[in-house]
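A quick write-up on the structure given underneath.
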Amino acid sequence: MAKDFSTRAENYAQWYNDLVIKADLAENSAVRGCMVIKPYGYAIWERIQAVLDRKFKDTGHSNAYFPLFIPKSFFSKEASHVEGFAKECAVVTHYRLKSSPDGKGVVVDEDAKLEEELIVRPTSETIIWDTYRNWIKSYRDLPILINQWANVVRWEMRTRLFLRTAEFLWQEGHTAHATMEEAVKEAETMLNVYADFAETWMAIPVIRGVKSPAERFAGAIETYAIEALMQDGKALQAGTSHFLGQNFAKAFDVKYLNKENQLDYVWATSWGVSTRLMGALIMAHSDDHGLVIPPKLAPIQVVIVPVFKNAEQLTLISETALSIKSSLEKRGISVKYDDRDTHKPGWKFSEYEFKGVPIRVIIGPRDIEQGTVEVARRDTLEKEVLQITDIDIKIEHLLDQIQKNLYDRALAFREENTFRVDNWEEFKKVLDETGGFLSAHWDGTAETEIKIKEETKATIRVIPLNNPRETGKCVYSGKPSDQRVIFARAY
RNA sequence: CGGGGUAUAGCGUAGCACGGUUAUCGCGCCUGCUUUGGGAGCAGGAGGUCGCAAGUUCGAAUCUUGCUACCCCGACCA
C-alpha cells in the first residue's frame, strides 16, 4: 500500500515530509521557509488550540492581542534577549512602494523610510513588558495572567514543515507577579498544563524538567520544558515555560507599590507551544501506512464507507449509515459519512488510512442482510465484524482504547530507548547505533556540555524534575556529579 | 553565509557529452463503457513560455554568460 512514499526505515526525514504532503496537512508556499497549512492540518491545530485555550482559562488566564511589529529599540533593552534573537529577525524599513521607473512592477519608495525600523516579532516579551509598565502600579494590579494566540517570525536558515518554519503559529503566555514564589509556581503550573496536554490528548509521554543554563531561553532565569522522544530516536522539545525573574521588569522599568508602600520590580513568566506540536504528533505515532492521529485530537474520529453496486443499495445502506452517524454524534463523536460515488471503496480505505482517521466503519449489502458492520482501527490495522446493536457504545469504547494504546505504545518505545550510560565510549556507541534518551552523569559545567555537543551533536535535553540524587562521575570529564541528566540528539 | 548539486505538463521523469521533423514515459486530470468488501480495466482525449534574461547559430531543452529559485552537506536554530 505504501507506494510512492518512503518508509521510516528507508529514510525517516523523507517519510516525515511525504506524510505531511500526502496527508494534506501542509505544503511549502511561494514564500521561502513559510508553509501553507491546509484545511486538514489546520483542523488538527484548531483541536489543539481549543483544548489548550480551555486549560489556560481554567487556570485563570485571559486572551489578549499585541502588535505584530516591535520598535527596534525595544530589543536593546534586555541584553541576553536581543543576543538570542538578533540573528533571525525580519525587519521592516519602509512603508510604501511606488511604480518602477522602467514601468515593470513596483519598487520600494526610498522616500518612505521609517524613522525607526520595526521588527516582526520573533516573540513578544518586549512589546508586552513595555505595555505592562502602564498597567501595573500597585500590588492590587497583580497578578496579570495573559495569553496571546499569534504568529511569529524567526528567519531560520533551514526549514522543515511544522518542525521549523520561518513563520509559525503559537500561543505565548506572559504573566506578572508580586513575588518570586508566585512566578515560579506559575511557570511550574504551566509546564504541568503542557505535560498533561501532551500525555492525555496527544498520547505522547514527556519528561518534565529544566534546561541547562546553555539551553535556557534568552532572558530567562529558569527554563522548564517537556521533552518527547520521536520514533527515530531524536528528542523534540514540545513546550517550554520560563521563569524570567525580574529581568524584563528591570529592562522595561515595571515597578509596583507593595503592601508596605515600597516600590519593587514585578516577577515574570512566559510560556509557549507552537505548530511544532503538529510535528511531534506526526512523528510520535504515524507508521509506514501513513498518519496516525490520537482519537482525542482527530478532526474526523470515525469515517463510514458504504460499499454498493447501485443506487438502490446505496439508499438502503445510507439509512443504516446515517442512523449510526447520528447515534455517534449524540455521544460527541465526530463522524464523516463518505458516500461519494466518484471514488471506489478501496480508494477510500487507503485515503482515510493515510490520513490517520482512528476508526473506519464499512457497511455493504452483506452487512445489511446480517445486521453487522465491519470496524477497522487505524492504530493496529485490525478489522472485525460487529453486530450493529449498541454500535455507538462499542465505538466509543474503541476510541478510548485506541487513545490508550497509542500512549502505551509511545511510552513503551521511550522506555526501550532510554539508556543509562556510564562511560564515554558507550555514550557515543548508543547515540550512533540506536539514538534515544541517554541518562548520564554530567559535571554541571558548560564546557563539558559544549564539548559533548561538538563531538556527538547530543545536547542536554532536560534535567528531570524531582531528579533522584546519585553520586557518580561525569560521562565525559570523569569529574564528580550528583545526578543524571537526559542527553539526546534533538530536532 | 561557505562547499556541492538540480531546474522539462499538477507530480515524478527521458532527451542534453555530439544542436536538426510534431519534446519521451508513468501517475494524476477529462469523456465513454464495464466495474465497486483494499488505491479497477479498456478505449479515446486535454494539458508545455523546456526556471528567467541575454548571446552564439540557418536552427537551442541541448552550447556560452548572467540572474533566480530549490535541494543536500556544514555553521546557526524552537
Side-chain angles (χ1 to χ4, degrees), chain A residues 1-6 11 13-14 17-18 21-22 27-33 83-89 104 122-123 152-160 162-172 194 211 214-218 220 223 225-228 234-242 270-280 289-290 304-311 313-314 317 338-355 360-370 372-376 381 383 385 453-454 457 459 461 490-491:
Chain A
M1 202 62 39
K3 59 177 183 183
D4 59 73
F5 99 100
S6 308
N11 185 340
Q14 190 64 45
N17 235 348
D18 289 352
I21 302 291
K22 289 207 62 185
E27 63 188 31
N28 283 305
S29 71
V31 185
R32 195 202 81 99
E83 175 132 0
F85 289 103
K87 282 178 283 184
E88 49 188 35
C89 286
K104 284 188 270 187
T123 179
V152 288
V153 169
R154 297 182 190 175
W155 213 261
E156 297 291 346
M157 288 300 172
R158 250 158 94 178
T159 60
R160 286 187 70 191
F162 290 120
L163 295 174
R164 178 169 298 112
T165 46
E167 178 194 16
F168 57 92
L169 306 184
W170 78 347
Q171 60 67 217
E172 46 181 327
Y194 288 151
K211 290 286 181 182
E215 296 279 327
R216 255 178 221 148
F217 176 75
T223 287
I226 52 171
E227 205 73 22
K234 285 171 80 176
L236 190 138
Q237 178 178 304
T240 50
S241 178
H242 315 287
S270 69
W271 28 273
V273 297
S274 71
T275 35
R276 183 179 236 205
L277 284 180
M278 295 284 295
H289 297 269
I304 304 175
V305 178
V307 177
F308 56 95
K309 285 190 165 63
N310 52 52
Q313 277 186 356
L314 178 60
I317 292 166
D338 187 353
D339 62 349
R340 289 177 296 172
D341 63 359
T342 51
H343 295 282
K344 294 183 56 176
W347 189 92
K348 293 177 188 171
F349 300 163
S350 300
E351 175 76 2
Y352 292 110
E353 195 164 284
F354 204 88
K355 289 192 160 185
R360 182 182 70 232
V361 174
I362 303 167
I363 310 175
R366 229 190 272 159
D367 298 297
I368 298 297
E369 275 175 34
Q370 297 167 5
T372 59
V373 294
E374 183 183 288
V375 175
L381 298 171
K383 294 189 275 198
V385 176
K453 186 178 181 183
E454 281 172 356
K457 289 185 183 170
T459 51
R461 299 319 304 157
Y491 276 95

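All values reported here derive from a predicted model rather than from experimental measurement. Here is how names work: the chains are called A, B, and so on, in the same order as the sequence lines, proteins then strands, and each is numbered from 1.
Proximity of a side-chain donor or acceptor of D338(A) to a complementary backbone N or O of R340(A) within less than 3.5 Å is detected. Distance alone, capped at 3.5 Å, places no donor-acceptor pair between the Y491(A) side chain and the R164(A) backbone.
R340(A) comes within 4.0 angstrom of nothing in the nucleic acid, heavy atoms only. Within the nucleic acid shown, N28(A) has no heavy atom closer than 4.0 Å to any nucleic acid atom.
Going from atom NZ of K348(A) over to atom P of U36(B) covers 14 Å, rounded to whole Å. Atom OH in Y352(A) sits about 17 Å away from atom P in G38(B), given to the nearest Å. A straight line from CD1 of I363(A) to P of G37(B) spans 16 Å, rounded to a whole angstrom.
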Protein-nucleic acid N or O pairs under 3.5 Å, nucleotides 72-78 of chain B:
| residue | atom | partner | partner atom | Å |
| --- | --- | --- | --- | --- |
| C73(B) | OP2 | R158(A) | NH2 | 2.3 |
| G74(B) | OP1 | K457(A) | NZ | 3.2 |
| C77(B) | O2' | E156(A) | OE2 | 2.8 |
| C77(B) | O2 | R164(A) | NE | 2.3 |
| C77(B) | O2 | R164(A) | NH1 | 3.2 |
| C77(B) | O2 | R164(A) | NH2 | 2.8 |
| C77(B) | N3 | R164(A) | NH2 | 3.4 |
| A78(B) | O3' | R276(A) | NH1 | 3.2 |
| A78(B) | O2' | R276(A) | NE | 3.2 |
| A78(B) | O2' | R276(A) | NH1 | 2.4 |
| A78(B) | O2' | R276(A) | NH2 | 2.3 |
| A78(B) | N7 | R154(A) | NH1 | 3.4 |
| A78(B) | N6 | T165(A) | O | 2.7 |

When you check every protein heavy atom under 4.0 Å of nucleotides 41-47 of chain B, what one-letter string (B, S, -) results, 5' to 3'? -------
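Closest to the P345(A) side chain, of the nucleotides U36(B), G39(B), G38(B), is U36(B).
At A40(B), one or more side-chain N or O atoms of K344(A) fall inside 4.0 Å of OP1 or OP2 (strictly under the cut-off).
Using atom P as the reference point in both G28(B) and G12(B), the two lie 15 Å apart (nearest Å). Comparing U62(B) with U49(B), their P atoms are spaced 16 Å from each other, to the whole Å.
F354(A) carries K22(A) over the face of its six-membered ring, with the cationic atom under 6.0 Å from the centre and within 45° of the normal.
Remark: W170(A) pairs with E172(A) by the side chain to side chain donor-acceptor pair (under 3.5 Å) rule, at least two apart or across chains. Evaluation of the side chain to side chain donor-acceptor pair (under 3.5 Å) rule for T165(A) yields no partner, not counting sequence neighbours. Residues meeting the ring-ring contact (aromatic ring centres under 6.0 Å, His included) test with F349(A), sequence neighbours left out: none.
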Dot-bracket line, read 5' to 3' along RNA chain B, where crossing pairs take [ ] and | marks a partner on another strand, Watson-Crick or G-U under 3.5 Å: (((((((..(((.......[....))).((((((.....)))))).....(((((..]....))))))))))))....
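A69(B): glycosidic angle beyond 90° from 0, hence anti.
Residues R216(A) and H242(A) are not in side-chain contact: their nearest non-hydrogen atoms beyond the backbone lie 4.5 Å or more apart.
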